[in-house]
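This one's a predicted model, so the numbers in the text were calculated from it and none came from an experiment.
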Amino acid sequence: MTIPEATTMSELIDDCAQLPFALTHPEHPLPAPRAAAPWQVDDQCTRQVEGLTEYGA
């Protein structure tokens, strides 16, 4: 099922009115987010972007 993007403020408000109960009632908060795992840029990642400076990135 595809839901079209809201194109008017009225449609956006209607979409927001359909948010799940847990997101709209602070007395029933969602669990705290988990800490993100640390990440590193390795040589393989670095090689993937070699030459991008030629494109102005």
> Taking it one step at a time, do M9 and L12 satisfy side-chain contact (heavy atoms from CB on, under 4.5 Å)?
Replying inline: CA-CA 5 Å; M9 184 60 77; L12 182 60; 4.2 Å; yes
>> Looking at every heavy atom in both C45 and D42, which two are closest together, and how far apart are they?
In response: N-OD1, 2.9 Å
> Any idea which heavy atoms bring E5 and E11 closest together, and the distance?
Replying inline: O-OE1, 4.2 Å
